[in-house]
Amino acid sequence: SVYVDSMYHSLRNVHANSVGNGKYIPMEWNIKKYIHGKLIYRLSPFTKLKYSLISDNVEYQDYDRMYRLNPQGNLYRERQGITHIINLNHAFNKTTFFNLGFSQFSKDYSHRTFENDGDYIHSTLAVSPDSYSFLSGGSNNNIFSRKTLTSSLKIDLTSQINSVNQVKAGVDYRQHVLDFQDIELQPPDSLVTIDLIYESPFLSEPQILPNSSIYTSIYQFEPQEFSVYLQDKMELSDMIINIGIRFDYFDPKGRVLNDPTDPSIYNPIKPKNRFHDDSEDGMQNNGEPNVTVSERELYWYKETTPKTAISPRLGVSFPFSDKGVIHFSYGHFFQIPRFELLYSNSDFDLEQGTGNVGIIGNADLKPERTVSYELGIQQILTTYLSMDATMYMRDIRNLTGTRSNEIIIFGGTSSYNKYENSDFAFIKGLVLSLNSRPINGFSGNMNYTFQIAKGTASDADQARNSIAAGALPEVHHIDLDWDQTHALNATLNYSVSNAGVSFIGKTGSGLSYTPKSTEDISTLIQNSAKMPLTWNIDMRAYYNIRVFGQNIGLYCRILNLFDHLNH
């Protein structure tokens with residue numbers, strides 16, 4: 001250990017003229033600032049105006065093992081979210097009221113290593129002999145920012161039109177603005193290569209290459225959402241029925257390629273996209289000028305199409321006694337794909353070389369559709385004890401994946417993948433719950449879930465990653481990454497007038513994983529094995545006392561009470 005310690009210190013001081021000071025500093029720190037405010041103003045006995053503000057700002061740094069000896073070269077990160085909500089609630093009479101809501105949500109993430117561009121270090125120093133060595137110099141020269149601004153207007157009207165029917169209707173409109181910037185700072189043309197003995201390693205004036213290069217990606221999109229719904233709640237003598245219908249509209253306002261075999265508008269491959277081939281011989285002859293980028297923009301992309309869906313919903317409950325009820329629900333649900341899947345690599349820059357050279361987003365993806373069924377029973381067993389049992393099934397279609405065929409780039413030596421609606425999943429399960437009201441200070445609850453979650457892929461990139469690694473994607477249903485067959489959660493509470501203690505426990509069967517063959521270290525069938533069972537118990541306690549006429553609350557929280565290590 002003395003030898004290792006001396007080697008460690010010699011590595012920390014290998015550069016005599018380093019700008020570092022050799023001190024130990026934290027590498028996984030964070031500073032969080034959270035604000036939540038609310039104002040309520042009654043305009044009249046029937047009208048109320050409410051404003052809410054939520055601000056969440058986090059400055060932090062993630063641990064990166066490669067920068068352990070060079071912590072100032074690691075990325076400085078910031079995540080910020082600000083939400084404004086205005087609600088106007090007005091009651092026309094005892095049976096009819098409406099709610100008007102406007103909200104604006106801004107979510108921003110960015111990272112960079114230094115505020116001053118002149119502090120960045122040439123990438124020549126950010127290398128290691130192998131993937132297991134530390135970086136003793138260099139810096140992460142990536143500048144990234146992603147901002148989403150969502151403005152929403154929602155109107156809901158509720159009316160108890162008679163003793164049986166309560167009708168609800170509403171509209172919801174959302175406008176998104178997505179700004180994306182991903183830049184890899186490059187050295188000035190005069191310092192593409194440097195002599196580390198005579199030249200400074202600092203990028204005094206780093207350059208940002210144009211959007212046409214693979215080192216810069218900047219774009220903005222403004223997708224829109226609109227929905228309208230109508231629902232009727234019918235309270236009959238022996239049953240309660242909820243029936244409704246919802247219409248959804250989504251316009252991604254993106255772009256897709258007209259010719260996927262020639263993806264890059266800045267570096268085309270086909271002769272007709274590079275020059276005006278007037279002689280039609282496939283060669284650029286005298287008098288045949290180049291096709292400009294502005295000319296290609298006229299035909300290179302095509303606009304995406306709006307997506308619509310009509311979703312019926314039905315819920316029924318049958319009170320079969322004063323202590324029990326049977327409930328059933330059926331519904332269709334519409335969910336737009338994640339924006340990162342729609343607009344990923346939207347400038348269609350791919351790697352150079354042969355084989356599979358990357359993946360692009362697809363702004364024309366269809367929304368995911370889920371058909372959900374539930375059947376359950378609620379029953380009061382005793383004065384203090386009640387139970388609930390629910391069976392459910394969910395059929396999920398149009399999941400985003402890369403199971404479709406690779407797209408061959410013109411020339412036939414390379415290919416790439418595009419996100420498509422190629423995957424689906426099927427989930428079914430049973431939930432059993434037992435709840436106890438306080439008895440002599442004791443209370444608690446317990447719920448057990450049995451679930452089977454199968455599908456074609458757990459991750460949108462899964463099929464493409466298999467192909468890139470020289471393997472074939474699975475062609476049958478597999479256990480999904482989050483498939484947990486058994487899960488049991490329970491709480492036990494004890495409280496008196498000024499003190500209490502509670503225990504929160506959870507246990508479950510292991511999640512799926514893909515094992516390796518011990519004979520040839522090859523990968524076996526995807527998610528064909530299960531990890532061991534996991535369990536954990538937390539404890540919370542409190543004690544309230546009164547000191548000098550003031551109430552003081554003391555509390556204790558212990559996470560992982562028994563210090564148990566799960567796989």
Side-chain angles (χ1 to χ4, degrees), residues 172 225 227 229 231 233 240-250 307-318 325-342 365-378 387-404 419-433 447-463 473-489 506 508-513 526-528 530-531:
D172 187 1
E225 292 182 73
S227 64
Y229 75 92
Q231 176 184 311
K233 180 181 180 181
I240 300 173
I241 301 174
N242 273 296
I243 186 169
I245 190 167
R246 179 184 175 97
F247 170 78
D248 286 279
Y249 171 92
F250 173 64
K307 311 298 186 296
T308 60
I310 297 177
S311 307
R313 313 275 174 86
L314 173 65
V316 182
S317 60
F318 306 89
V325 60
I326 296 174
H327 55 89
F328 166 78
S329 67
Y330 164 82
H332 289 240
F333 299 88
F334 171 101
Q335 181 177 338
I336 64 173
R338 301 196 311 270
F339 289 149
E340 61 186 284
L341 300 176
L342 293 170
L365 284 171
K366 298 176 183 178
E368 299 172 5
R369 293 175 180 265
T370 300
V371 181
S372 177
Y373 309 82
E374 282 192 9
L375 176 63
I377 180 174
Q378 294 176 337
M387 61 83 65
D388 186 349
T390 301
M391 295 184 296
Y392 60 89
M393 292 185 294
R394 296 185 180 95
D395 188 1
I396 307 173
R397 303 282 173 164
N398 288 342
L399 284 172
T400 303
T402 48
R403 188 168 297 276
S404 56
Y419 290 123
E420 298 282 1
N421 298 107
S422 60
D423 290 326
F424 60 90
F426 186 77
I427 302 169
K428 56 185 177 181
L430 169 68
V431 179
L432 301 175
S433 300
N447 65 77
Y448 164 76
T449 301
F450 172 81
Q451 177 176 274
I452 297 174
K454 291 184 177 292
T456 51
S458 302
D459 177 36
D461 294 347
Q462 185 171 304
E474 302 294 347
V475 295
H476 59 280
H477 288 175
I478 61 172
D479 294 339
L480 299 178
D481 288 353
W482 58 87
D483 178 39
Q484 187 176 44
T485 307
H486 306 281
L488 179 65
N489 300 302
K506 59 182 180 180
S509 55
L511 298 174
S512 304
Y513 76 99
Q526 187 78 24
N527 284 353
S528 58
K530 296 287 187 180
M531 298 184 202

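FYI, side chains are in, hydrogens and waters are out, and symmetry mates aren't considered; it's all heavy atoms of this structure.
The ring pair (Phe, Tyr, Trp, His ring centres under 6.0 Å) check on Tyr229 picks up nothing, with sequence neighbours excluded. In this structure Arg246 satisfies the side-chain hydrogen bond (donor to acceptor under 3.5 Å, both in side chains) test together with Ser227, Asp248, sequence neighbours excluded. Tyr392 is linked by a ring pair (Phe, Tyr, Trp, His ring centres under 6.0 Å) to nothing, counting only residues two or more places apart in sequence or in another chain. Listed by chain and residue number, His327, Glu374, Asp388 satisfy the side-chain contact (heavy atoms from CB on, under 4.5 Å) test with Thr390 (two or more places apart in sequence, or in another chain). For Gln335, there are no side-chain hydrogen bond (donor to acceptor under 3.5 Å, both in side chains) partners, not counting sequence neighbours. Applying the ring pair (Phe, Tyr, Trp, His ring centres under 6.0 Å) criterion to Tyr330, with sequence neighbours excluded, gives His332, Tyr373. A search for side-chain hydrogen bond (donor to acceptor under 3.5 Å, both in side chains) contacts involving Gln484 returns nothing, not counting sequence neighbours. Every residue meeting the salt bridge (Lys or Arg N to Asp or Glu O under 4.0 Å) condition with Glu420, not counting sequence neighbours, appears here in chain and number order: Lys418. Applying the side-chain contact (heavy atoms from CB on, under 4.5 Å) test to Lys530 and every residue at least two apart in sequence or in another chain returns Asp479, Asp483, Thr485, Ser512. Among residues two or more places apart in sequence or in another chain, the side-chain hydrogen bond (donor to acceptor under 3.5 Å, both in side chains) test is passed with Thr370 by none. By the side-chain contact (heavy atoms from CB on, under 4.5 Å) test, Ala309 is found to be paired with Phe334, Arg369, residues two or more places apart in sequence or in another chain being considered. Every side-chain contact (heavy atoms from CB on, under 4.5 Å) that Lys366 has, sequence neighbours left out, goes to Asn398, Asn421.
A distance of 9.5 Å separates CG of Leu480 from CG of Asp423, quoted to the nearest 0.5 Å. Interatomic distance, Thr308 OG1 to Tyr249 OH, rounded to the nearest 0.5 Å: 9.0 Å. Summarising the geometry, atom CD belonging to Glu368 is positioned 8.0 Å from atom CG belonging to Leu341; distances are rounded to the nearest 0.5 Å. Going from atom NZ of Lys454 over to atom CZ of Phe426 covers 11.5 Å, rounded to the nearest 0.5 Å. Rounding to the nearest 0.5 angstrom, the gap separating the CG atom in Leu342 from the CG atom in Leu365 is 5.5 Å. To the nearest 0.5 angstrom, Asn242 atom CG is 7.5 Å from Ser317 atom OG.
Counting heavy atoms from C-beta on, the side chains of Gln451 and Ile427 come closer than 4.5 Å. Arg394 places none of its side-chain heavy atoms less than 4.5 Å from the side chain of Phe333. Using a 4.5 Å heavy-atom threshold, the side chains of Val316 and Ile243 count as separate. Ile377 has its side chain out of reach of Val325: every pair of non-hydrogen atoms, C-beta onward, lies at least 4.5 Å apart.
Shortest non-hydrogen contact noted between Ser422 and Gly401 is OG-C, 3.3 Å. Heavy-atom minimum distance, Pro337 versus Pro367: CD-CA, 3.9 Å.
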Give the intermediate values and the outcome of side chain to side chain contact (heavy atoms under 4.5 Å, CB included) for residues Asn489 and Thr449.
CA-CA 9 Å; Asn489 300 302; Thr449 301; 5.8 Å; no
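In the displayed structure, Lys506 atom NZ is contacted under 6.0 Å by at most 12 heavy atoms of other residues, nucleotides or ligands.
Using a 30° and 60° split on the angle between ring planes, His486 and Phe450 fall in the tilted class, from 30° to 60°.
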